[in-house]
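The figures here come from the full heavy-atom set of this structure, side chains too, leaving out hydrogens, waters and symmetry mates. Positions are given from 1, in the same order as the sequence printed here. Computed from a predicted model, the values in this text were never measured in an experiment.
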Amino acid sequence: MRQAIAEAGKARARNEVPIGCIIVRDGKIIARGHNLRETTQDPAGHAELIAIRKAARKLGSWRLLDTILYVTLEPCIMCMGAVLLARIPTVVFGCYDPKGGAAGSLYNLSADPRLNHRVALLPQVLEQDCSRLLSDFFAELRKRKRSGRLT
């Protein structure tokens, strides 16, 4: 999770929402990603999707079996959909997202019996560190908005 937090720091350095993700297979990081929605003006520029695409390219397969995805914030519906479609068996995340989470907060796609794949979840890993990244970022954003300097 510390490596995912480091990825979140890269997003923060670009004035992106600080969310980071890594994918591990056989104890080795095979892909990394951090939010790039603002930079790329891509609504799908989420850390998880970036890392999933990189992992698929590296492995030469869309099936990411025997991998673990680590992400600093609970995945949204889009990202959990990608996790399910990629057949990632385990997701470890830092903090819950009560406004958009799809791994236990608003939805729990990981265990929906109507879907053909299940995902084991390990939530709240380094939760305070992950939560602080987000709360500090949004506090600074609000401060900049009040002062009229948004860059």
*Which value, rounded to the nearest 0.5 Å, describes the distance between R12 atom CZ and L134 atom CG?*
11.0 Å

*Given side chains that start at C-beta, do those of V83 and I52 come closer than 4.5 Å, heavy atoms only?*
yes

*asked:* Is there a side-chain contact between P75 and V91 in this structure, where contact means two heavy atoms from C-beta onward sitting under 4.5 Å apart?
replied: yes

*Nearest-0.5 Å distance, CZ of residue R132 to OG1 of residue T72*: 13.0 Å

*Sequence neighbours left out, what passes salt bridge (charged side-chain N to carboxylate O under 4.0 Å, His left out) with K54? Give chain and number order.*
none

*Excluding sequence neighbours, so at least two apart, what forms side chain to side chain contact (heavy atoms under 4.5 Å, CB included) with S105?*
E74, Y96

*Return each pair, listed once, that meets salt bridge (Lys or Arg N to Asp or Glu O under 4.0 Å) where at least one residue sits in residues 80-102; pairs must be two or more places apart or across chains.*
none

_Starting from L126 and following side-chain heavy-atom contacts under 4.5 Å between hydrophobic residues (I, L, V, M, F, W, Y), which residues can be reached?_
M1, I5, I22, V24, I29, I68, Y70, V92, L122, V125, L133

*At their closest point, which heavy atom of L115 faces which heavy atom of L109, and how far apart are they?*
CD1-O, 3.7 Å

*Looking only at non-hydrogen atoms, find the nearest pair between P43 and Q41 and report the distance.*
CD-O, 3.9 Å

_ILVMFWY clustering at 4.5 Å (side-chain atoms), partners of L49_ = M78

*So do K58 and I23 actually touch side chain to side chain, heavy atoms under 4.5 Å?*
no

*asked:* Any side-chain to backbone donor/acceptor pair from T67 onto I88? Under 3.5 Å, distance only.
replied: no

*Looking only at heavy atoms, what is the nearest atom pair of Y107 and I77, with distance?*
CE1-CD1, 3.4 Å

*With sequence neighbours excluded, what pairs up with E7 under the salt bridge (charged side-chain N to carboxylate O under 4.0 Å, His left out) test?*
K10, R32

*Sidechain-backbone polar pair: E16 side chain, E38 backbone, donor-acceptor under 3.5 Å*: yes

_side chain to side chain contact (heavy atoms under 4.5 Å, CB included) involving R142 - partner list, sequence neighbours excluded_ = F138, A139, R146

*asked:* Restricting to non-hydrogen atoms, name the atom on R25 and the atom on L59 that form the minimum distance, rounded to 0.1 Å.
replied: NH1-CD2, 3.1 Å

*Which distance, rounded to the nearest 0.5 Å, do you find between the CG of L69 and the CZ of F93?*
11.0 Å

*Is there side-chain contact between P89 and L65, with at least one heavy-atom pair below 4.5 Å?*
no

_Qualifying side chain to side chain donor-acceptor pair (under 3.5 Å) pairs, either residue in residues 114-128, two or more places apart_ = D112-R114, Q124-E127

*Say whether L73 and L141 are linked into one hydrophobic cluster, either directly or through other cluster members, by side-chain heavy-atom distances under 4.5 angstrom.*
yes

*Can you name the side chain to side chain contact (heavy atoms under 4.5 Å, CB included) partners of L106, sequence neighbours left out?*
none

*asked:* My understanding is that only residues two or more places apart in sequence, or in another chain, count here; which of them pass side chain to side chain contact (heavy atoms under 4.5 Å, CB included) with S131?
replied: C95

*Should V119 and L84 be marked as a side-chain contact (heavy atoms from CB on, under 4.5 Å) after you check the CA-CA gap, both sets of side-chain angles, and the distance that decides it?*
CA-CA 7 Å; V119 178; L84 289 160; 3.7 Å; yes

*Mind listing the closest non-hydrogen atom pair of A31 and A51 along with its distance?*
CB-O, 3.3 Å

_Taking A47's backbone N and O only, do any of them form a donor-acceptor pair with N35's side chain (distance below 3.5 Å, no angle check)?_
yes

*Approximate separation, where rounding is to 0.5 Å, of D66 CG and D26 CG*: 7.0 Å

*How far apart are the closest heavy atoms of C21 and V71, and which atoms are they?*
CB-CG2, 4.1 Å

*For R37, check salt bridge (charged side-chain N to carboxylate O under 4.0 Å, His left out) against everything at least two apart and list the hits.*
none

_D136: partners by salt bridge (charged side-chain N to carboxylate O under 4.0 Å, His left out), with sequence neighbours left out_ = none

